[in-house]
Amino acid sequence: MESVAHPDLQRALELSARMLSSAREGDWAAATAHQAECDRLLRQAPVNAAGLMALRRLYQDQQELLGLAAAAREAVEQKRAHARTGHRAVSAYITAAGSS
């Protein structure tokens with residue numbers, strides 16, 4: 001029985017760790033840059049007992065990535081809502097100033 005994950009799974013783990021690190025730093029372009037390669041490696045790699053451990057780690061990384069993405073998406077939505085409120089206030093001011 002092999003005690004080392006297949007090289008493709010090991011490479012996928014490296015990419016996943018890099019993606020997660022980028023996401024933690026808020027660099028979403030870098031965080032998503034390796035997703036397709038990671039997915040390809042996961043589809044083709046055979047899984048042994050060590051590979052199951054690698055898959056668990058990948059799953060944990062992906063869960064954290066999803067949480068970070070959800071938080072970033074929420075932050076963007078809050079900024080958009082704030083900008084809409086500011087836009088409405090400016091529009092109301094312009095309308096009021098124009099009618100005086």
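Not measured: the values here are computed from a predicted model. Any value given below was found using the heavy atoms of this structure, including those in side chains, with hydrogens, waters and symmetry copies removed.
- Arg11 places none of its side-chain heavy atoms less than 4.5 Å from the side chain of Asp8.
- Within the model, atoms CG of Leu13 and CZ of Arg18 stand 12.5 Å from one another, a figure rounded to the nearest 0.5 Å.
- Minimum heavy-atom separation, Ala17 to Asp61: N-OD2, 3.9 Å.
- Leu55 places a side-chain heavy atom less than 4.5 Å from the side chain of Leu42.
- Salt-bridge annotation for Glu64 and Arg24: present, with a side-chain N of the basic residue lying under 4.0 Å from a carboxylate O of the acidic one.
- At a threshold of 4.5 Å between non-hydrogen side-chain atoms, the residues His82 and Lys79 do not count as touching.
- By the 4.5 Å heavy-atom criterion applied to side chains, Gln63 and Leu66 are counted as neighbours.
- Closest heavy-atom contact between Leu15 and Cys38: CD1-N, 3.9 Å.
- One distance of note links CG of Leu20 with CD of Glu25; it measures 10.0 Å at 0.5 Å rounding.
- For the atom pair Met19 CE and Leu58 CG, the distance stands at 9.5 Å (nearest 0.5 Å).
- Taking Arg80 as the reference, Glu77 meet the side-chain hydrogen bond (donor to acceptor under 3.5 Å, both in side chains) condition, with sequence neighbours excluded.
- Distance check, rounded to the nearest 0.5 Å: CD of Gln35 to OG of Ser16 gives 8.0 Å.
- The CG atom of Leu68 sits 11.0 Å away from atom OG of Ser22, with the distance rounded to the nearest 0.5 Å.
- Taking CD from Gln10 and CD from Glu14, the interatomic distance works out to 7.5 Å, rounded to the nearest 0.5 Å.
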